[in-house]
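To start, the structure under review is shown below, and the notes come after it.
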Amino acid sequence: MSKIDIGNLKITIIYDNKVWKQGLEPAWGFACLVEGLDKTLLFDTGGDGEILMRNMAKLGIKPGKVDAVFLSHEHWDHVGGLERFLKANPAVTVYLLSSFSGRFMKKLRACGARVMQIAEPIAIGKHALSTGQMGEALKEQALLIPTAGGLVVLTGCAHPGVVKIVTKAKAL
């Protein structure tokens with residue numbers, strides 16, 4: 001796994017319950033755009049697809065520039081906007097845990113997405129990787145980005161615990 005220059009990495013919050021930029025709509029949930037890797041990633045999709053798409057438009061983010069979607073876990077406030085996003089960009093690869101429901105995966109495939117089920121740690125392109133499935137009752141994965149300035153760890157809710165996620169990240 002090659003490290004990227006931290007100066008090339010850009011993470012833009014698209015969806016959150018608190019807005020960082022006037023004009024964005026707040027709502028419960030989370031989504032961000034990760035740029036500067038070999039793939040542009042949408043990390044989670046928030047809870048409402050219409051809000052996700054409006055916030056993307058306000059930030060000048062075109063859905064077609066997203067190469068892949070990385071879903072941290074199967075809670076509505078992290079995956080609720082995906083179906084609407086796939087109407088605008090159905091050709092993406094969606095990285096999700098193998099513990100996601102079969103009904104959810106079937107719906108994604110019907111939208112045209114390529115579904116990549118993750119159980120173990122796996123590379124997400126040349127510059128990022130998934131921790132693989134973590135946690136007992138609440139399954140979650142985190143996105144790890146090795147940079148020259150250190151390791152960047154993106155997590156949805158950190159249900160398995162931040163210490164456990166960071167410990168696994170360091171081991172990987």
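Residue Lys164 holds its NZ atom at 8.0 Å from CE of Met134, rounded to the nearest 0.5 Å. Taking CG from Leu42 and CG from Asp67, the interatomic distance works out to 11.0 Å, rounded to the nearest 0.5 Å. Distance check: His159 NE2 to His75 NE2 gives 4.5 Å after rounding to the nearest 0.5 Å. Distance check: Ile11 CD1 to Glu35 CD gives 10.0 Å after rounding to the nearest 0.5 Å.
With contacts defined as side-chain heavy-atom distances shorter than 4.5 Å, the pair Leu41/Ile145 does not qualify. Within the 4.5 Å cutoff, side-chain heavy atoms of Phe104 are placed close to those of Leu71.
Side-chain N or O atoms of Asp44 include none that pairs as donor or acceptor with a backbone N or O of Gly156 at under 3.5 Å. Judged by distance alone, with hydrogens and angles left aside, the side-chain atoms of Asp77 form no donor-acceptor pair with the main-chain N or O of Gly47 at under 3.5 Å. Between the Lys139 side chain and the Gly135 main chain, a donor and an acceptor come within less than 3.5 Å of each other. Between the side chain of Glu140 and the backbone N or O of Ala158 there is at least one donor-acceptor pair closer than 3.5 Å. Although no hydrogens or angles enter the test, the distance criterion places no donor-acceptor pair under 3.5 Å between the side chain of Thr12 and the main chain of Cys32. Checked by atom type and distance alone, the side chain of Glu74 pairs as donor or acceptor with a backbone atom of Ser101 at under 3.5 Å. With hydrogens and angles ignored, the 3.5 Å screen pairs a side-chain donor or acceptor of Asn55 with a backbone N or O of Ile14.
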So Leu82 and Leu108, side-chain contact (heavy atoms from CB on, under 4.5 Å) or not? Walk me through it.
CA-CA 8 Å; Leu82 183 58; Leu108 298 185; 3.2 Å; yes
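Nearest heavy atoms, Pro26 versus Val19: N-CG1, 3.6 Å. Nearest heavy atom pair, residue Cys111 against residue Glu83, reads SG-CG, 4.1 Å.
Between Phe70 and Phe43, the ring-plane angle classifies as parallel under the 30° and 60° cut-offs.
Residues satisfying the side chain to side chain contact (heavy atoms under 4.5 Å, CB included) criterion with Pro121, sequence neighbours excluded, are Lys168, Leu172.
Within 6.0 Å of NZ in Lys87 there are 12 or fewer heavy atoms belonging to other residues, nucleotides or ligands.
Residue pairs satisfying the side-chain hydrogen bond (donor to acceptor under 3.5 Å, both in side chains) criterion with at least one member in residues 15-25, sequence neighbours excluded, are listed as follows: Glu25-Arg54.
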